[in-house]
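Take a look at the structure set out below.
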Amino acid sequence: MKRWEAIARLAPLCENALVVACNGMIGRDLWATGDRPTRFYMIGSMGLASSIGLGLALAQPRRRVVVFDGDGNVLMNLGSLANIAAARPPNFHHVILDNGAHASTGDQRTISTQVPLDEIARAAGYRAAWRASDLAGLEAAAREFFAAEGPVCLLARVEPGNQKGVPRVELEPDAIAQRFRKAATT
Amino acid sequence: MAHAQAFVDELRLHGFDFFTGVPCSLLKGAVSILEREPADRYVSAVREDAAFGFATGAWLGGRRPALFIQNSGLGVSYNALASLLHLYRIPCLIVVSWRGYEGKDAPEHLLTGETTPGLLQLLRIPHEVLEPERLAAQVSALAARMDAERRPVACLVRPGILE
């Protein structure tokens, strides 16, 4: 399963959700599926997408929050999983695209093959975690994952490598923040 | 503790409704008041940069965030401040304790204490050194600047004021 295929399958299931995408290729893959004002593309501050998602989930308890994260990002800020588990926001859905590599810096390996991030989420106190390694498995897991009470984790084990010619997010960060806040609060 | 209550009251008066951070002994009076807030209004963070992430998410969700951190946590948060809060122009009030003030503290705080005002300046974070007798006016001025310029602002807290 390619990362961008997994993202393209999951994105339509998040139409009514507030979505936070981590920096790097994941945000760009999501951008390539079509833009929405309810999407926050984090382009710097690696590691913090899940933390932004927690603040958002607490501030907007009636909206579903979906974080599109990567293994490199999650490993950089594992403590955030503890804060999410402790806060137990029922509207928090954490997708981890795990390719075992830092895709945007040249596919250098991470340590996620030795350290299963879905098990860490479960051990931290997420209500449940799913793991999928092909598109059929992902679709089946996603149905349960999006129907479940959060915080929950869906780990998609994907191949390293990037889509050719995938564009960068073209919006100014300031504009992303302003339109997102408006979409989240109206 | 008297100042701690007055300070937190002043923050509430200015609409701050989401609090997070990592405690410091110099802020313990204020933090103990905030710990009585509901769980969706005070989050005890594992690290200061994660707290800046929570504050950003809370602002994106319509809240008005304030953080309580030790000055050591500013260094931890350098990238969060530079590439998240400044970049996306996230307004928040950062209450920063001043460990190592005037060189009188445990050795691990001395260099951090000496460089704290300079670090705030380097990070382009307007700040005031909290004075108990001017507390209300200072919070008011910081909140006004935070709103007008949509940026993080900071309040630096010497020993003995919010303990």
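Any value given below was found using the heavy atoms of this structure, including those in side chains, with hydrogens, waters and symmetry copies removed. Everything quoted here is computed from the prediction, not taken from an experiment.
- Both the backbone and the side chain of B/R63 have a heavy atom closer than 4.5 Å to some heavy atom of chain A.
- A donor-acceptor pair under 3.5 Å links the side-chain atoms of B/E163 to the main chain of B/G160, judged by distance alone.
- B/S44 touches chain A through its backbone: at least one of N, CA, C or O sits under 4.5 Å from a heavy atom, while the side chain does not.
- Inspection of non-hydrogen atoms places no residue of residues 99-119 of chain A under 4.5 Å from chain B.
- By the 4.5 Å heavy-atom criterion applied to side chains, B/Y42 and B/V31 are counted as neighbours.
- Side-chain contact between B/V95 and B/F7 is present, with heavy atoms from C-beta onward closer than 4.5 Å.
- Residues A/W130 and A/V95 share a hydrophobic cluster, clusters being chains of Ile/Leu/Val/Met/Phe/Trp/Tyr side chains in contact below 4.5 Å.
- In this structure the side chain of A/I176 reaches within 4.5 angstrom of the side chain of A/V169, judged on heavy atoms.
- Across A/V65, A/N83, A/L54, the residue that shares the most heavy-atom pairs under 4.5 angstrom with chain B is A/N83.
- Contact tally against chain B (heavy-atom pairs below 4.5 Å) for A/A87, A/A59, A/P173: the top residue is A/P173.
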Practice item. Using the side chain to side chain contact (heavy atoms under 4.5 Å, CB included) rule, take B/L93 and B/H14 through it: C-alpha gap first, then chi angles, then the decisive distance, then the call. Key: CA-CA 11 Å; B/L93 173 65; B/H14 285 85; over 6 Å; no
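- Side-chain atoms of B/C24 and B/V22, non-hydrogen and from C-beta on, never get closer than 4.5 Å to each other.
- Closest approach of A/C153 and A/I96 over heavy atoms only: SG-CD1, 3.8 Å.
- Options B/L60, B/I90, B/D40, B/T20 differ in how many heavy-atom pairs under 4.5 Å they form with chain A, and the most are formed by B/L60.
- Side-chain contact between A/H94 and A/S50: present, with at least one pair of heavy atoms (C-beta onward) separated by less than 4.5 Å.
- Using a 4.5 Å heavy-atom cut-off against chain A, no residue of residues 108-142 of chain B qualifies as contacting.
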Between A/Q163 and A/R3, does the side chain to side chain contact (heavy atoms under 4.5 Å, CB included) criterion hold? Intermediate values first, please.
CA-CA 9 Å; A/Q163 215 172 353; A/R3 183 189 61 240; 5.7 Å; no
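- Looking at heavy atoms from C-beta onward, A/P151 lies in side-chain contact with A/R88 at the 4.5 angstrom threshold.
- Each of B/D17, B/T56, B/L84 has some count of heavy-atom pairs under 4.5 Å with chain A, and the biggest count is that of B/L84.
- Contact count against chain B (heavy-atom pairs under 4.5 Å) is highest for A/D174 among A/L48, A/D174, A/T185.
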inquiry  = Could you go through A/E172 and B/R89, starting from their C-alpha distance and side-chain angles, then the distance that decides it, and tell me whether this counts as salt bridge (charged side-chain N to carboxylate O under 4.0 Å, His left out)?
reply    = CA-CA 11 Å; A/E172 290 297 322; B/R89 300 185 60 202; over 6 Å; no
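- Taking 4.5 Å as the heavy-atom cut-off, the residues of residues 45-52 of chain B that approach chain A are B/A45, B/V46, B/D49, B/A50, ordered by number.
- Only the side chain of B/R150 comes within less than 4.5 Å of a heavy atom in chain A; its backbone stays farther off.
- Counting heavy atoms from C-beta outward, A/L138 and A/L154 have side chains that approach closer than 4.5 Å.
- For residues 5-36 of chain A, an interface with chain B (any heavy-atom pair closer than 4.5 Å) does not exist.
- For B/Y88, the parts sitting under 4.5 Å from any heavy atom of chain A are the backbone and the side chain alike.
- Of the possible donor and acceptor atoms, none in the side chain of A/R63 sits under 3.5 Å from a partner among the backbone N and O of A/L56.
- A/Q178 is not listed as a side-chain neighbour of A/K182, based on a closest heavy-atom distance of 4.5 Å or more.
- At distances below 3.5 Å, at least one donor-acceptor pair connects side-chain atoms of A/R181 with backbone N or O atoms of B/W59.
- Grouping the Ile, Leu, Val, Met, Phe, Trp and Tyr side chains by contacts below 4.5 angstrom, directly or via other members, places A/M1 apart from A/W4.
- A distance-only check finds no donor-acceptor pair linking the side chain of A/D98 to the backbone of A/D71 [under 3.5 Å].
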